[in-house]
Protein chains: 2
Amino acid sequence: METVAAAAGVSRATASRVFHGSTPVAPGTRDAVHAAAKTLGYVPNTMARSLAARGSDILGLLVRDPTNPAYGLLFSELQTQVSRAGLEMVTVAPSRDEGARYERQALNRLLGLRVGGMFVATGVIRAEMLEPFLDIVPVVVVGRPESHPRIHSVSYDEDGNAAQLADAVAAHGHRSVAVVTPSAANSVPEHRRGVAMARRLREHGVRVHPVASPTFGRAEEGGLDILGLHRSGRITAAMFPSDWRLLAFLPLAQAAGLQAPDDLSLTGCDGVLPGIDLLGFTTVRIPVERAARRAVEVMRALRDNRTRTPTEHELLPGTLVPGRTLGPAPHPV
Amino acid sequence: METVAAAAGVSRATASRVFHGSTPVAPGTRDAVHAAAKTLGYVPNTMARSLAARGSDILGLLVRDPTNPAYGLLFSELQTQVSRAGLEMVTVAPSRDEGARYERQALNRLLGLRVGGMFVATGVIRAEMLEPFLDIVPVVVVGRPESHPRIHSVSYDEDGNAAQLADAVAAHGHRSVAVVTPSAANSVPEHRRGVAMARRLREHGVRVHPVASPTFGRAEEGGLDILGLHRSGRITAAMFPSDWRLLAFLPLAQAAGLQAPDDLSLTGCDGVLPGIDLLGFTTVRIPVERAARRAVEVMRALRDNRTRTPTEHELLPGTLVPGRTLGPAPHPV
DNA sequence: TTGAAAGCGCTAACAA
DNA sequence: TTGTTAGCGCTTTCAA
């Protein structure tokens, strides 16, 4: 900046004011500085700036698994919303090597940068790990339900989404349905969805056949159970806790000569897999965009008014995507 | 750090040495400092550190679209490899709002952080945009072929991958094949793959039916052409430039009562869509993990030896995934 | 509207 | 093995 200031014939302080834009600067001076900066290819040093200013407009996002399309989309949307709000954002992810240690490391990377706010999109960091920093930096948990009395969160209404799907299945006249429910150890949100679907179906008087789906990478397992249930005429529909699981079931169904929804109705959940809409799945689209928007709004409120913003725990409902894999029950059971 | 040093009864310099770990510190002193840091919840200020040290071990990744599973995977793998190398990494993505302006903004965010190296995984930033910074910070372009004489790159061998698939199709006896080829404006890598597939097929003496796939979001378009070609008996296989396109074709095929590979053989390309392996696509898996590993190795070499590392332009071959959607040609054409 | 000067939290010689 | 000291590049009072 020294060089830029010299080239423009002003002091460093004035150059600083031009870039920061807080105090008024004479138009002529401003132009001279900008011109000098452009020709010299000057990019302000964020480090020095936030060091001197004791804080920055850079927000941090801690994301669990960029491989997961839901997180990828969240990343992308948050970035866009943050940009629109005139702030910046950098993202970190933990190393994939096993261990919560890397989550901490990623958290520290953000803390070390002294970000002006943190979005946390990982279930592995527990609330207690965040607690010490709540007074230092605004934290918004996003995409994962959080009930800590001091941590703000914006997440998806998994129970409501599951209920929407169960309602749709029941409304199509299905009276006996398989529900794939992975264990909680396997996937917390999927487990929760499965449980909620089953509960709601039962409220409709529908008979539920729970299908465990124990292993993670081999989603076929529950699939064979479903084929068996269908062959013996005990179900007319199968509900999956994610589009991914439903996708995994398709080749099995196809091999068995099943057509959805004529032979068997199928539902997924999520609606974010790229290209998934083209498959015509009946599913619920989680409101990633809205979550991003709300998360940024909450963050802004927190930053503007650090003192007393009441803790918010928002739950955003998804949207039922009718699709082509859910049809009327073929025959009364 | 002042507070920590005081609590441990040492000077700031000593505390610094403990965290930085360059110069030897007496074990007793070290423990005292660590203890003090722990109880005080101290996280070193990266800003101040890299300001004072004139540089940092933080690398930056500029990623085009975190929504794309190939980039998501690359992000994740780079993070892991960087961690293993004892370095750190932060990632930025441009806002999704239109315009190359946001790409620049994202680039500046990284530059402003004075990262110690940059991975660039976006086709939108052109080489000329990077040129001014090549002397300031090591740059490695990854996932996109780059031929700039001063910019290092590690990317996928799209032509080779396309050839592998074409070879497999020809080897299965197909003599007349549809090849979906989007325009370059639509997607550069997909266009390139389509062209390369067609070329290689022709070298095998196979008759190629090019299928344009003009619009982006509506991949069905080319699909109808393929169904027509198949109905009239003019093709026995269809090659898609990405798994995504193939996925989009599936519902059409299913609606038309087609089974792969009995009625029509199908191939994709990429192999990274989550859950895609379960569909049994015949495809090529792009070597994302290897690309990440090599990119980090190149980066380390650049950082260690800034002066004269000859520019590398690596092209990594993918792996053919046999799958179940490619079978022998049903009858001679 | 501008400049001078005092730090922000840390590292890196240099001395001790 | 440790302390002292001079900055790193910037922002921000305070005067002018």
Side-chain angles (χ1 to χ4, degrees), chain A residues 1-37 40-58 87-88 108-116 133 136-137, chain B residues 1-37 40-58 87-88 108-116 133 136-137:
Chain A
M1 201 179 79
E2 180 85 64
T3 325
V4 174
V10 299
S11 72
R12 286 162 41 222
T14 304
S16 169
R17 284 189 264 260
V18 169
F19 295 120
H20 184 252
S22 59
T23 18
V25 176
T29 320
R30 190 204 334 278
D31 295 346
V33 172
H34 274 138
L40 291 172
Y42 170 70
V43 178
N45 186 328
T46 311
M47 304 284 186
R49 170 194 291 236
S50 62
L51 188 57
R54 312 162 212 335
S56 76
D57 285 348
I58 300 188
L87 301 168
E88 312 206 62
N108 277 355
R109 218 175 309 150
L110 246 28
L111 255 16
L113 285 172
R114 296 295 190 269
V115 290
F133 310 109
I136 319 279
V137 50
Chain B
M1 202 179 79
E2 180 85 65
T3 324
V4 173
V10 299
S11 73
R12 286 163 39 223
T14 304
S16 169
R17 284 190 265 261
V18 169
F19 296 120
H20 185 253
S22 59
T23 19
V25 176
T29 319
R30 191 206 330 281
D31 294 347
V33 172
H34 274 138
L40 290 171
Y42 169 71
V43 178
N45 186 329
T46 310
M47 303 284 187
R49 169 194 291 237
S50 62
L51 190 56
R54 308 161 200 12
S56 75
D57 285 349
I58 301 188
L87 302 167
E88 311 206 62
N108 277 356
R109 218 175 310 148
L110 245 28
L111 255 17
L113 248 22
R114 296 296 191 268
V115 290
F133 309 109
I136 318 281
V137 50

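Below, each value reflects all heavy atoms present in this structure, side chains not excepted, and no hydrogens, waters or symmetry copies. Chain A is the first sequence line, chain B the second, and so forth, proteins listed ahead of strands; every chain is numbered from 1.
With sequence neighbours left out, B/Leu51 forms a side chain to side chain contact (heavy atoms under 4.5 Å, CB included) with A/Asn45, A/Ala48, A/Leu51. Checked against side chain to side chain contact (heavy atoms under 4.5 Å, CB included), B/Asn108 has the following partners two or more places apart in sequence or in another chain: A/Val43, B/Arg104, B/Leu111. Listed by chain and number, the residues in a side chain to side chain contact (heavy atoms under 4.5 Å, CB included) with A/Arg30 are A/Val18, A/Val25, A/His34 (sequence neighbours excluded). The salt bridge (Lys or Arg N to Asp or Glu O under 4.0 Å) check on A/Arg109 picks up B/Glu88, with sequence neighbours excluded.
The CG atom of B/Leu113 sits 7.5 Å away from atom OG of B/Ser56, with the distance rounded to the nearest 0.5 Å.
Residues B/Arg114 and A/Pro44 approach most closely at NH1-O, 3.6 Å, considering heavy atoms.
Rounded to whole Å, the distance from CD1 on A/Ile58 to P on D/dC10 is 14 Å. Between the C1' atom of D/dC8 and the CG atom of A/Asn45 lies a distance of 9 Å, rounded to the nearest Å.
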Mind listing the N/O atom pairs, protein and nucleotides 11-15 of chain D, below 3.5 Å?
residue: D/dT11; atom: OP1; partner: A/Arg49; partner atom: NE; Å: 3.4
residue: D/dT11; atom: OP2; partner: A/Ser16; partner atom: OG; Å: 2.3
residue: D/dT11; atom: O5'; partner: A/Ser16; partner atom: OG; Å: 3.4

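Taking 4.0 Å as the cutoff to heavy atoms of chain A, we find the contact window on DNA chain C bounded by C/dT1 to C/dG9.
Residues from residues 25-34 of chain B with heavy atoms under 4.0 angstrom of DNA chain D, sorted by number: B/Val25, B/Ala26, B/Thr29.
Ranked by how close their nearest DNA chain D nucleotide is to the 5' end, B/Gly9 and B/Leu51 are led by B/Gly9.
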Run the side-chain donor-acceptor check on residues 1-13 of chain B: report pairs under 3.5 Å with partners two or more places apart or on a different chain.
residue: B/Ser11; atom: OG; partner: B/Ala13; partner atom: N; Å: 3.4
residue: B/Ser11; atom: OG; partner: B/Thr14; partner atom: N; Å: 3.3
residue: B/Ser11; atom: OG; partner: B/Thr14; partner atom: OG1; Å: 3.3

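The C1' atoms of five pairs define one axis at each end of the helix from C/dT1-D/dA16 to C/dA16-D/dT1, and these two axes lie 30° apart (to 10°).
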